[in-house]
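Order of the sequence lines fixes the chain letters, A, B, ..., with proteins taken first and strands second; residue numbering starts at 1 for each chain. Note that these values count all heavy atoms, side chains included, but never hydrogens, waters or copies made by symmetry.
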Number of protein chains: 2
Amino acid sequence: MVFQKERITEIGKKLHQAGMKLTPQRRATVNTLLKYQTKHLSAEELFTLIKREEPEIGLATIYRTLDLLAELRIVDRVTFGDGVARYDLRHENQQHFHHHLLCSVCGKVEEVHEDLLTEVEEVVMHKYGFKVQDHRLTFHGICSTCRQKERCLEQE
Amino acid sequence: MVFQKERITEIGKKLHQAGMKLTPQRRATVNTLLKYQTKHLSAEELFTLIKREEPEIGLATIYRTLDLLAELRIVDRVTFGDGVARYDLRHENQQHFHHHLLCSVCGKVEEVHEDLLTEVEEVVMHKYGFKVQDHRLTFHGICSTCRQKERCLEQE
DNA sequence: GTGGCTGCAAACCATTTGCACAAAT
DNA sequence: ATTTGTGCAAATGGTTTGCAGCCAC
């Protein structure tokens, strides 16, 4: 990760603008989020990973940091229907939140970074007078890997 | 609601097909879901309402009924980011789940019943090899009412 | 020394589960 | 009789909160 350092500095700036500090705990949290970008980790999972870097950290601090980062729109909270919140780093300059493909066979979550919804949002604006600021889109279905496996089994 | 009775009978059939009964408690639950179709009620909210019809009912029964109805794809569980699950009746013959417009000012949730995503699902299929079975789409933004209010304030 | 930040433990609260009893077939 | 469903109370588990101490400016 070449960009990691600058990304953290940049996040540090955002924090300072909001009158807050980039403490070691927060740094470690952001670090871990960066390192496991597409993994959709829960607070508990993050806890385990962050401890390696910052062994004294408490789970509550992580929740508080994530709340903070969410408010500053640095991360987004996602839920996939199990009762656990997961945290995704918002990509830089990414205006809208990315989408997810949730495989109902293996549980894997893929990310889709194309926007795809510009037209749909036009419709929502014109037909419903609703000014879209953000969205959450998750497709449930079968991922390519699982589909291939299914085909193999059929051929037996 | 003219259609309510037949809708319940139909749901009763689905239950029987799965080897289960349409008990008074379940009937009351479905009734209430029908009555408050677009309200996105939580289990607790449903509990209060269902009690009017079936005062002896326990909250656990409602959770169990909702699980059952969700498995039979009669209702869908939705979450809007507060940690509470809400339950929406799936419309008859509706292949895909409807979308939601969540107003960040007043908190109101509107429903959008047009599909809107057929093209997007094509892309997901071809580019990612992902076979879509269902989706969850929520737009966050400002509803028409709140936008009008904002405009009035600006003019002062 | 004031204000934000932290760790810990306790509290919270939506949901689930165990169990003994009831209803239906 | 066996299976399915129910109400109640207790347990669960992710998340939040209160608080005393800590750190930086």
Trainee: I'd like to know if A/Arg64 reaches the base of C/dG4 with its side chain, counting only an N/O donor and acceptor under 3.5 Å.
Mentor: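 It does not, because no donor-acceptor pair links the side chain of A/Arg64 to the base of C/dG4 below 3.5 Å.
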Trainee: To the nearest 0.5 Å, what is the distance between CG on A/Leu22 and NE2 on A/His16?
Mentor: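 So the CG of A/Leu22 and the NE2 of A/His16 are separated by 6.0 Å.
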Trainee: Out of the candidates A/Arg86, A/Glu111, A/Glu45, only one should pair with A/His40 under the side-chain hydrogen bond (donor to acceptor under 3.5 Å, both in side chains) rule; please name it.
Mentor: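 So the option named by the test is A/Glu111.
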Trainee: Is the terminal nitrogen or CZ of B/Arg90 (NZ for Lys, CZ for Arg) located under 6.0 angstrom from the six-membered ring centre of B/Phe97 and within 45° of that ring's axis?
Mentor: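 Checked: cation-pi criterion not met.
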Trainee: What about the rings of B/His91 and B/His113, do their centers lie closer together than 6.0 Å?
Mentor: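 Between B/His113 and B/His91, which both carry aromatic rings, the centre distance is below 6.0 Å.
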Trainee: May I have the distance from A/Ile62 (atom CD1) to D/dG14 (atom P), rounded to whole angstrom?
Mentor: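 In whole Å, D/dG14 P and A/Ile62 CD1 are 14 Å from each other.
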Trainee: Check the phosphate of D/dG5 against B/Thr23, side-chain N and O only, distance under 4.0 Å to OP1 or OP2. Yes or no?
Mentor: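 B/Thr23 to D/dG5 OP1/OP2: no side-chain N or O under 4.0 Å.
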Trainee: A/Tyr63 OH to C/dA11 C1': how many Å, rounded?
Mentor: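 From A/Tyr63 OH to C/dA11 C1': 15 Å.
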Trainee: What's the NZ-C1' distance between B/Lys21 and C/dA23, to the nearest Å?
Mentor: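 Distance, rounded to whole Å: 6 Å.
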Trainee: Between atom NE2 in B/His16 and atom C1' in D/dT3, what is the gap in whole Å?
Mentor: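 Nearest whole value for this atom pair: 15 Å.
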Trainee: Rounding to a whole Å, what distance do you find between A/Arg26:CZ and C/dG4:P?
Mentor: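 Whole-Å distance recorded here is 11 Å.
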Trainee: Rounding to an integer number of Å, can you tell me how far B/Asp67 CG sits from D/dT6 C1'?
Mentor: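 The answer, rounded to whole Å, is 15 Å.
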Trainee: Rounding to a whole Å, what distance do you find between A/Glu44:CD and D/dT15:C1'?
Mentor: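 Value for this atom pair: 10 Å.
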Trainee: So which one's nearest nucleotide on DNA chain D is more toward 5', B/Gly19 or B/Ile57?
Mentor: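 The answer here is B/Gly19.
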Trainee: Between C/dG4 atom P and A/Leu68 atom CG, what is the distance in whole Å?
Mentor: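 Answer to the nearest Å: 13 Å.
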